[in-house]
**Student:** 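Have a look at the structure that comes next, please.
Quick caveat, the model's predicted, so the values are computed rather than measured.
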Amino acid sequence: MTAGAKHLEITLETQVESVNLAEEMCLRVAEAAGFGEDDCYRIGMSVREGVINAFHYGNQERPEKKRAFMDEFDVVTGRTGGAEIVMSKNLPVPGGNSTNGRGGEGTAPKQGA
């Protein structure tokens, strides 16, 4: 993230209300950053669809599971303008188990804003 950038970290419950919360939070950040109405709509819908997919496909709609498939998740200024989403996953230690594997348990993802 660049100097002066703000960081937001959240863990969402696997429930329908969390979809609306995630969208609303992103819309507020996008508006504060100066995005126009059309761009805010597109950003909100993208976040909404991403959260729904994570709940449905990643968590199989099971409330006890959390969205923890990646070790890092950041939004940074894009090289040609706009924003880039950067996700990273640490390489496993040979002979060891991943700390947040397929079950989704472990450290919550970091979300940049």
**Student:** What's the spacing between I43 CD1 and D38 CG if we round to 0.5 Å?
**Tutor:** 11.0 Å
**Student:** If you count heavy atoms of other groups shown closer than 6.0 angstrom to CD of Q60, is the number above 12?
**Tutor:** yes
**Student:** Looking only at heavy atoms, what is the nearest atom pair of A22 and V51, with distance?
**Tutor:** CB-CG2, 3.8 Å
**Student:** Could you state the interatomic distance from CD (E17) to CG (L12), rounded to the nearest 0.5 Å?
**Tutor:** 11.5 Å
**Student:** Rounded to the nearest 0.5 Å, what separation is found between the CG atom of N20 and the CZ atom of R48?
**Tutor:** 4.5 Å
**Student:** Is a donor on one side and an acceptor on the other found under 3.5 Å between the side chain of S18 and the backbone of E13?
**Tutor:** yes
**Student:** Quick one: do V29 and Y41 end up in the same hydrophobic cluster if we chain Ile, Leu, Val, Met, Phe, Trp and Tyr together by side-chain heavy atoms under 4.5 Å apart?
**Tutor:** no
**Student:** Can a donor-acceptor pair be found, under 3.5 Å and without considering hydrogens, that links the side chain of S46 to the backbone of R42?
**Tutor:** yes
**Student:** Would you kindly confirm whether V19 and V47 end up in one hydrophobic cluster when ILVMFWY residues are joined by side chain heavy atoms under 4.5 Å apart?
**Tutor:** yes
**Student:** Let me confirm one number: the CD-CE distance from E23 to M45, rounded to the nearest 0.5 Å.
**Tutor:** 7.0 Å
**Student:** Measuring from atom CE of M25 to atom CZ of R28, what distance do you get when rounded to the nearest 0.5 angstrom?
**Tutor:** 9.0 Å
